[in-house]
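Note sheet for the following structure.
We number each residue from 1, following the sequence as shown.
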Amino acid sequence: MRDYSEGLAGLYWRTFLGAPFLRLFGDRLATLPADYRQELSDELVLVQPYELPTHASTPEGDARERQLISLLGPECFYDHERHLKPTRRPELGPPVH
């Protein structure tokens, strides 16, 4: 994947989601457990699957990432097992009113 216009490669220790991804995920963001989601502003949300970066690539960290991705919509993320790009991607331009 070259850039965010092609979707997200995954969730990481701290994934900051701006307006294009807030529009893409919509109400699905509210389904994330509050322990892993923090609204920083109207146009910025922090998703943090685990407390420390050292938890990345552990069985528990990988399981939590998969859990959160399943809530947000796996079609919005790169499928590493099958090497498939996301089928739902953000609109990176200004919002259409």
So, [X] side chain and [Y] main chain: donor-acceptor pair closer than 3.5 Å or not?
X	Y	answer
Arg28	Leu71	no
Gln67	Ser70	no
Arg37	Leu29	yes

Assess whether atom CD of Glu75 is packed by more than 12 heavy atoms of other residues, nucleotides or ligands within 6.0 Å. yes
Take atom CG of Asp35 as the centre, draw a 6.0 Å sphere, and report whether it contains more than 12 heavy atoms from other residues, nucleotides or ligands. yes
Give, for atom [atom1] of [X] and atom [atom2] of [Y], the distance between the pair rounded to the nearest 0.5 Å.
X	Y	atom1	atom2	answer
Tyr36	Leu11	OH	CG	12.5 Å
Thr58	Asp62	OG1	CG	6.0 Å
Leu22	Glu39	CG	CD	8.5 Å
Cys76	Leu8	SG	CG	8.0 Å

Less than 4.0 angstrom from a charged side-chain N to a carboxylate O is my criterion; do Glu6 and Arg88 meet it? no
Salt bridge Arg64-Glu60, side-chain N to carboxylate O under 4.0 Å: no
Using the rule given for side chain to side chain contact (heavy atoms under 4.5 Å, CB included), can you reason through Phe21 versus Val45, listing the C-alpha separation, both sets of side-chain angles and the distance that settles it, and then say yes or no? CA-CA 9 Å; Phe21 288 99; Val45 171; over 6 Å; no
Please test Leu32 against Val47 for side chain to side chain contact (heavy atoms under 4.5 Å, CB included), starting from the C-alpha separation and ending with a verdict. CA-CA 9 Å; Leu32 297 180; Val47 177; 3.9 Å; yes
Nearest heavy-atom pair of [X] and [Y]: which atoms, and what distance?
X	Y	result
Gly7	Pro86	CA-CG, 3.9 Å
Leu92	Pro20	CD2-CB, 3.7 Å
Leu84	Tyr78	O-CD1, 3.2 Å

Can you spot which of Trp13, Tyr50, Tyr12 makes a side chain to side chain donor-acceptor pair (under 3.5 Å) with Glu65? Tyr50
Taking C-beta and beyond as the side chain, do Phe25 and Leu17 meet within less than 4.5 Å on heavy atoms? yes
Would you call Leu24 and Arg89 a side-chain contact if the rule is heavy atoms closer than 4.5 Å? no
Can you hop from Ile69 to Tyr4 via hydrophobic side chains spaced under 4.5 Å? yes
